[in-house]
Asker: 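Handing you a structure now.
Lettering of chains follows the sequences in order, A, B, ..., and the numbering in each one begins at 1. Fair warning: this is a prediction, and the values are worked out from it, not measured in the lab. Worth knowing before you read on, the calculation uses all heavy atoms, side chains too, and leaves out hydrogens, waters and symmetry mates.
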Number of protein chains: 2
Amino acid sequence: MSVTIKDIARIAGVSHTTVLKALHNKPKISPQLREKILQIAKENNYTLNTNASNLALKTTNVIGIVVTDISIPLFAEMVRMVERVADRYGYRVVVSSSDYDPDREMEAICRLHQMRVAGIIIAPTYEETEFVDYLKNTDIPFLVLGRLEGMDIDYITFDDFSATYKATVHLISQGHTRIALAIHGDKDIYPYRYWLEGYQSALSEYGIPYDEELILTCKVTPADGYETAGRVLKLEQEPTALISCSDMVVPGMLRKFYEEGKRIPQDLSLSVIQDELAFEYYIPKVTAVRYPNEKLGRLSAEFLFRKIQEEQEEQQKDQEEHQKDQEEHREQEDQEEQGQQARREQEPGIIRELLEVELIERESTGKAAART
Amino acid sequence: MSVTIKDIARIAGVSHTTVLKALHNKPKISPQLREKILQIAKENNYTLNTNASNLALKTTNVIGIVVTDISIPLFAEMVRMVERVADRYGYRVVVSSSDYDPDREMEAICRLHQMRVAGIIIAPTYEETEFVDYLKNTDIPFLVLGRLEGMDIDYITFDDFSATYKATVHLISQGHTRIALAIHGDKDIYPYRYWLEGYQSALSEYGIPYDEELILTCKVTPADGYETAGRVLKLEQEPTALISCSDMVVPGMLRKFYEEGKRIPQDLSLSVIQDELAFEYYIPKVTAVRYPNEKLGRLSAEFLFRKIQEEQEEQQKDQEEHQKDQEEHREQEDQEEQGQQARREQEPGIIRELLEVELIERESTGKAAART
DNA sequence: ATGAAAGCGCTAACAA
DNA sequence: TTGTTAGCGCTTTCAT
């Protein structure tokens with residue numbers, strides 16, 4: 001049985017309010033009493049029950065973060081930064097992985113809603129919007145880690161378009177015209193569209209025809225990288241360059257090329273989207289587009305807390321209005337709430353940030369070899 | 001302003017108790033009413049407030065997990081599995097990184113205590129025991145991911161001793177006698193002791209003298225791996241084999257050896273503790289000791305929930321006793337509690353599990369070259 | 001089948 | 001400076 005504030009009050013022979021003042025370091029209490037109470041609390045291993053206080057305060061000090069898979073380095077690093085920032089604000093973070101399943105995503109969000117979390121950061125699997133509608137009808141501030149445009153919501157994400165665009169332009173500038181793109185299978189899974197568009201834009205800008213043959217499906221495992229590399233080599237017209245949209249697959253690719261006697265970059269240039277795995281130590285050092293993972297974590301948390309504060313201020317205002325209303329006409333609450341709802345919906349999202357990504361040229365890309 | 005059960009009750013024209021029955025799918029309610037209420041709840045975007053219900057139930061549906069750094073793949077994978085299991089049990093998980101700071105570790109635990117989490121999994125930084133004492137005086141079930149022996153607490157972890165032992169024996173069996181060990185700097189940071197002991201045991205078992213020169217401090221970054229590899233080569237009597245206690249540093253090491261013209265394994269054998277980074281695709285494929293990360297996550301969560309259930313049952317019993325006591329003599333509560341406390345302390349921890357690790361021999365280790 | 005009422009551990013306004 | 005009281009939104013027991 002957990003010891004409560006009343007127990008402490010009883011032992012100290014004071015009221016529970018007094019205990020509270022001591023624990024909260026409130027001014028109106030004598031120092032000796034405070035000390036005594038603190039002492040008793042410590043002896044009895046007592047801490048305030050956040051649950052109860054949150055209930056009374058109608059808030060929580062936790063934020064939720066929903067990602068596809070927390071074991072992916074990108075998300076792991078993100079979560080870590082989010083946690084850091086949350087810590088500064090005195091918040092905890094609860095994580096949920098959706099495993100790329102929109103249903104689980106929705107479920108996670110519902111449960112966070114049930115917990116009445118103060119805010120949610122969500123990296124959606126698809127560009128679907130079910131959860132957006134749900135959250136919009138809620139007063140929970142949320143931030144999407146993905147480019148959900150035209151939906152009047154706040155988001156912050158990497159400039160995925162720019163990533164493949166830069167990688168492609170770089171290869172073109174080295175004389176490559178047949179550039180393969182290894183990308184995850186499901187066209188609906190988030191940055192697919194932008195990655196493909198960046199690649200296509202670069203091609204068309206330089207008058208290079210787009211060839212669907214060069215788009216290779218590659219799951220996010222080293223084993224699939226190995227297998228995909230094999231497919232690259234069997235392409236009818238073998239490409240002189242390859243862009244991989246995942247860093248995880250790179251060891252597999254490099255090995256396959258090595259086994260097949262393909263030299264990087266002499267025979268084939270390799271450029272990678274995302275720069276996670278110590279690429280600057282690889283042999284050869286791997287050219288990659290660096291994603292500012294930690295920055296995304298930090299910024300998204302900062303933005304979320306900004307929204308949380310705004311929301312809280314708004315609620316205070318609403319509450320004040322509400323009180324007045326109650327005094328005047330007690331019957332119209334429903335309408336009043338609808339009014340507020342409408343106001344919320346119209347508020348334009350202010351945060352629309354695309355974090356810049358950076359191409360880091362290393363050894364795995366080079367001049368296109370002459371081909372027959 | 002979040003909509004509450006009362007709002008729904010008001011709109012539906014019933015009591016809040018009735019709304020509850022509908023939402024909980026309790027039997028004693030007419031189907032039409034249930035439907036109507038569910039409908040209204042959905043329209044108003046209402047869900048039960050876990051906070052309030054937890055308060056009433058005196059439990060929470062969240063467990064805490066404290067790790068040193070959630071962005072480390074080992075922990076990221078662990079957390080993911082813990083989350084999976086928790087999900088099955090209907091629990092959320094809140095994560096805290098201690099950043100290798102015992103103070104932050106304690107702080108995290110205190111905050112989890114404040115949240116009245118149902119249980120805690122903690123991967124401690126050091127073998128210090130402050131948090132153990134704290135948690136023991138709490139009724140929160142907890143499980144330590146580290147080998148804290150002789151403390152009468154439950155733990156589950158990898159058999160770190162066995163990891164270096166196996167790696168060392170393997171190298172010895174290939175004729176190596178000068179085997180360097182690259183290990184993180186702080187002797188007090190958790191598995192240091194066991195890694196060192198495993199290494200030393202293997203050596204002494206085969207009558208190979210222990211040479212402190214061969215123990216190299218190496219932080220857990222590729223850059224430090226690069227630097228450490230350089231130191232290996234500058235050792236007075238150059239070793240013929242190297243065991244790295246971190247997988248993260250391996251790309252840095254391999255590059256340095258490559259740059260210095262050292263061939264692996266012909267000139268130097270390399271064996272790694274932990275098998276994370278697609279080593280089977282590296283060139284050469286890297287021999288490593290595989291840690292069952294996901295298994296640790298899964299098992300620890302399972303164990304924790306077992307403890308949570310036991311704790312809950314015990315609390316029920318206590319409560320019943322408590323009631324009886326109250327009827328008989330209302331004054332002796334304090335003493336009674338002390339009695340329970342004593343009983344708790346004596347309960348022996350039941351869980352003491354060391355997960356087996358597996359040496360996977362690949363290409364980076366081989367027969368020791370003859371040396372002058 | 002439905003509702004009233006007390007209580008979970010805290011907060012905050014108001015008394016004393 | 002200290003205590004009293006009425007909630008916060010839910011659960012549970014007991015009436016109706």
Asker: If you check the Thr17(B) side chain, which of dG9(C), dA4(C), dC10(C) turns out closest?
Answerer: dA4(C)

Asker: May I ask you to check whether Glu105(A) and Thr125(A) show a side-chain donor-acceptor distance below 3.5 Å?
Answerer: yes

Asker: Does a side-chain heavy-atom distance below 4.5 Å link Asp99(A) with Thr68(A)?
Answerer: no

Asker: Between Tyr100(B) and Tyr126(B), does the ring pair (Phe, Tyr, Trp, His ring centres under 6.0 Å) criterion hold? Intermediate values first, please.
Answerer: CA-CA 8 Å; Tyr100(B) 302 92; Tyr126(B) 299 102; 8.3 Å; no

Asker: Quick one: do the Gln309(A) and Tyr89(A) side chains pair a donor with an acceptor below 3.5 Å?
Answerer: no

Asker: Can you tell me how far C1' of dT11(C) sits from NZ of Lys58(A), to the nearest Å?
Answerer: 12 Å

Asker: For DNA chain D, which nucleotides open and close the run of contacts to chain B, 5' to 3', at under 4.0 angstrom from a non-hydrogen atom?
Answerer: dC8(D) to dT12(D)

Asker: Measure NE2/His16(A) against C1'/dG7(C) and give the value in whole Å, please.
Answerer: 13 Å

Asker: For dG9(C), does OP1 or OP2 lie under 4.0 Å from any side-chain N or O of Ser53(A)?
Answerer: no

Asker: Side chains of Thr50(A) and Ser53(A) only: does a donor on one sit below 3.5 Å from an acceptor on the other?
Answerer: no

Asker: Listed in order of residue number, which residues of residues 31-42 of chain B have a non-hydrogen atom at under 4.0 Å from DNA chain C?
Answerer: Leu33(B)

Asker: Is any side-chain heavy atom of Ile5(B) closer than 4.5 Å to a side-chain heavy atom of Leu20(B)?
Answerer: yes

Asker: Which part of the nucleic acid, if any, lies within reach of Leu48(B) when heavy atoms closer than 4.0 Å are counted: base, sugar-phosphate only, or nothing?
Answerer: sugar-phosphate

Asker: Given atom CG of Asn61(A) and atom P of dT11(C), what is their separation to the nearest angstrom?
Answerer: 12 Å

Asker: In terms of side-chain heavy atoms, does Glu83(B) have a donor or acceptor partner in Ser97(A) at a distance below 3.5 Å?
Answerer: yes

Asker: Please give, in whole Å, the distance from dG3(C) P to Arg10(B) CZ?
Answerer: 15 Å

Asker: Quickly work out the Lys26(A) NZ to dC10(C) C1' distance and round it to whole Å.
Answerer: 12 Å

Asker: Looking at Asp133(B) and Lys136(B), is there a salt bridge between them, counting it only when a charged N and a carboxylate O are closer than 4.0 Å?
Answerer: no

Asker: Rounded to the nearest angstrom, tell me the gap between atom CZ in Arg116(B) and atom C1' in dG9(C).
Answerer: 9 Å

Asker: Is Lys6(B) touching bases, backbone alone, or none of the nucleic acid, heavy atoms closer than 4.0 Å?
Answerer: sugar-phosphate

Asker: Side chains of Gln39(B) and Glu35(B): donor-acceptor distance under 3.5 Å anywhere?
Answerer: no

Asker: Want to settle it: does Leu57(A) or Thr18(B) sit nearer the 5' end of DNA chain C, counting the closest nucleotide to each?
Answerer: Thr18(B)

Asker: By nearest heavy atom, map Ala52(B) and Lys21(B) onto DNA chain C; which one lands nearer the 5' end?
Answerer: Lys21(B)

Asker: Pick base, sugar-phosphate or nothing for Ile29(B), based on heavy-atom distances below 4.0 Å to the nucleic acid.
Answerer: sugar-phosphate

Asker: Calculate the interatomic distance between Leu20(B) atom CG and dA1(C) atom C1'; express it in whole Å.
Answerer: 15 Å

